[in-house]
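First up is the structure itself, then whatever we jot down about it.
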Protein chains: 2
Amino acid sequence: MSQSRPRIVPEATVARLAVYLRVLAGLADGGRSHVSSGELASAAGVNPAGLRKDLSYLGPCGVRGVGYSISGLRERLTEALGGERSRPCVLVGIGRLGSALADYTGFASRGFQFVGLLDSDPRTVGTEVGGVPVRPVEELEAVVADTQASIGVITTPAEVAQSVCDRLVTAGVRSILNFAPVALTVPAGVDVRKVDLSVELQVLAFLDQQRDGSPPVVASMRTGVSGGAR
Amino acid sequence: MSQSRPRIVPEATVARLAVYLRVLAGLADGGRSHVSSGELASAAGVNPAGLRKDLSYLGPCGVRGVGYSISGLRERLTEALGGERSRPCVLVGIGRLGSALADYTGFASRGFQFVGLLDSDPRTVGTEVGGVPVRPVEELEAVVADTQASIGVITTPAEVAQSVCDRLVTAGVRSILNFAPVALTVPAGVDVRKVDLSVELQVLAFLDQQRDGSPPVVASMRTGVSGGAR
DNA sequence: AACCGCTTGTGAACGCCTGAACAAAGTCGC
DNA sequence: GCGACTTTGTTCAGGCGTTCACAAGCGGTT
Ligand SMILES: NC(=O)c1ccc[n+]([C@@H]2O[C@H](COP(=O)([O-])OP(=O)(O)OC[C@H]3O[C@@H](n4cnc5c(N)ncnc54)[C@H](O)[C@@H]3O)[C@@H](O)[C@H]2O)c1
Ligand SMILES: NC(=O)c1ccc[n+]([C@@H]2O[C@H](COP(=O)([O-])OP(=O)(O)OC[C@H]3O[C@@H](n4cnc5c(N)ncnc54)[C@H](O)[C@@H]3O)[C@@H](O)[C@H]2O)c1
């Protein structure tokens, strides 16, 4: 048997692996047992060769001439992305966006559970969202300690995002997803990912304007699922 | 005078320009008149040299030895990103996430206005979100035509996202922001940007797991505002 | 048992983006 | 008016990521 060698995996690849896993979940219901790279790539919106390279980071996963075993690949991807164990997350700022996230059922199927909801507004504290009670932000450290949450999601106003971030980090959270439109500063060893919806719209507006203007199109990047497919 | 030469701007740069613009907006209130690249870069969470390179795509914007004029740079960035004119957007799928977006005031300040809200649920149709009435999805084409919307945002369940997308494109929308976890297929000339929150969490989980495990760290990418700052 | 077609896995080239170092240029102080 | 300092704009090299193209391997068939 070949030993599993944990090669170095590019972060861009990791993001796509998550997409492949989701596509596979939808494909498993079809009664099929195998998929080809071309089929998977089409469903995921990527290049077939790139998909194969992505999967090759996990070592050989497929069978030549046949394709990839759907169930086998699901297991492999699931393990690579952190296993099936439930990952506790805390969410700070239960406003419009925070409520939508807390109430979303799509995360649980991936193993993410919002076990701690925190807000500073007394009117929000005490209510329940998605079956989880909202607790006062003062209890942040206690909640993180109790739940052993490793991921923190910030949906507070921008002004307080950095302070919330600092408290999360101090409490032991080492992965943060930030929706507030500020660049968070964190110590080394802490990962931050930012979701900036205004920027997304602004980029679309730029592309729109540029399209109407001069032919010199923007250098297309590989991020996202840009057009081109017929 | 030097003619404005619309150089080719990398898409990654465009995204950062939007961030700079927002930072400048917050900085303009401070009464300052000029900023250095180092200061701006720090506030935006990027490298100073990279920031200067980004700005240089717009031609010389600063004054050597002094820095960048805040008001001047704001104008330049605003123009580069599509001008100040209000951009009409339509939003399809007024559920939890869609409502949060429609009700968010942060987009209007950037010129984005949700002038059309569409949903298929009779209980949602007729209600108002953010002062805009929700209309039946059957009127999608009419709404796009009336409002001349150039940007469409999809927050429907994944199963119907592609059909909604097709209708938006047929109606004339050429820029789409997709929150549904599917890869949309669009004709050439249409831009799609995807926001996939499950993937964001999954990547964080992966990094988390890898950090606890072996030293071979993932090849860090430039996307997002990853850690490292002191 | 050998052949054939299909699909994976990988090697290499290309292009883009990033980070650092350097020269140009303008301003402030004397 | 001149010098020195500050900060920009640019050039250079390096790293990643993507893409193409091909060899290797497996299953099915004759
Ligand atoms: N569509 C959107 O809602 C949207 C879009 C883009 C960006 N954002 C960003 O996401 C964040 C949240 O947006 P929102 O629309 O949900 O705002 P919101 O005002 O509806 O919610 C913010 C919540 O944070 C809570 N809060 C404030 N200070 C807090 C603190 N110190 N500790 C804990 N909780 C605190 C408030 O009580 C409120 O419930 C903002 O930074 C916003 O810029 C939102
Ligand atoms: N936190 C979140 O809410 C979250 C997180 C990640 C991804 N998403 C994705 O965003 C999308 C929306 O999520 P949500 O939580 O708001 O779901 P939701 O069920 O609350 O809202 C979906 C809305 O779309 C409407 N709809 C259904 N079919 C339609 C059609 N054919 N035309 C127009 N409208 C239609 C429904 O009536 C409903 O109002 C989903 O694809 C979901 O996977 C949501």
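Below, chains carry the letters A, B, ... as their sequence lines are ordered, and counting in each starts from 1.
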Could you tell me the separation between the [atom1] atom of [X] and the [atom2] atom of [N], rounded to a whole number of Å?
X	N	atom1	atom2	value
B/Leu58	D/dG9	CG	P	10 Å
A/Glu11	C/dC17	CD	C1'	15 Å
B/His34	D/dT8	NE2	C1'	13 Å
B/Asn47	D/dG15	CG	C1'	15 Å
B/Glu39	D/dT6	CD	P	15 Å
A/Lys53	D/dA21	NZ	C1'	12 Å
B/Asp54	C/dC16	CG	P	16 Å
B/Ile8	C/dC17	CD1	P	8 Å

Does a distance-only test, which skips hydrogens and angles, find a donor-acceptor pair under 3.5 Å between the side chain of A/Arg64 and the base of C/dT7?
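Check fails, no donor-acceptor contact within cut-off.
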Heavy atoms, side chains only, cut-off 4.5 Å: are A/Arg174 and A/Ser150 in contact?
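No, too far: nothing below the 4.5 Å cut-off.
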Side chain to side chain, A/Leu17 and A/Tyr20, heavy atoms closer than 4.5 Å:
yes
Is the closest basic N to carboxylate O distance between B/Glu11 and B/Arg193 below 4.0 Å?
yes
Just by distance, no angles: are the side chains of B/Ser37 and B/Arg52 close enough, under 3.5 Å, to form a donor-acceptor pair?
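Note: B/Ser37 and B/Arg52 side chains meet the donor-acceptor criterion.
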Check whether any side-chain N or O of [X] sits under 4.0 Å from OP1 or OP2 of [N], and answer yes or no.
X	N	result
A/Arg16	D/dT18	yes
B/Tyr57	D/dT10	no
B/Ser37	D/dT8	yes

Where the side chain of B/Thr170 meets the backbone of B/Asp166, is there a donor-acceptor pair that is under 3.5 Å apart?
yes
Starting at the 5' end of DNA chain C and moving along, which residue's nearest nucleotide shows up first, B/Arg52 or A/Gly62?
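Here A/Gly62 is the residue nearer the 5' end.
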Using a 4.0 Å heavy-atom cut-off, does B/Gly50 contact any base of the nucleic acid, only the sugar-phosphate backbone, or nothing at all?
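Here B/Gly50 touches no strand at all.
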What's the closest nucleotide to the [X] side chain, out of [options]?
X	options	answer
B/Pro10	C/dC17, D/dG17, D/dT11	C/dC17
B/Ser56	C/dT10, D/dT10, D/dT8	D/dT10
B/Ser36	D/dT8, D/dG27, C/dA12	D/dT8

Whichever of A/Val63 and A/Ala49 has its nearest DNA chain D nucleotide further upstream toward 5':
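Residue closer to the 5' terminus by nearest nucleotide: A/Ala49.
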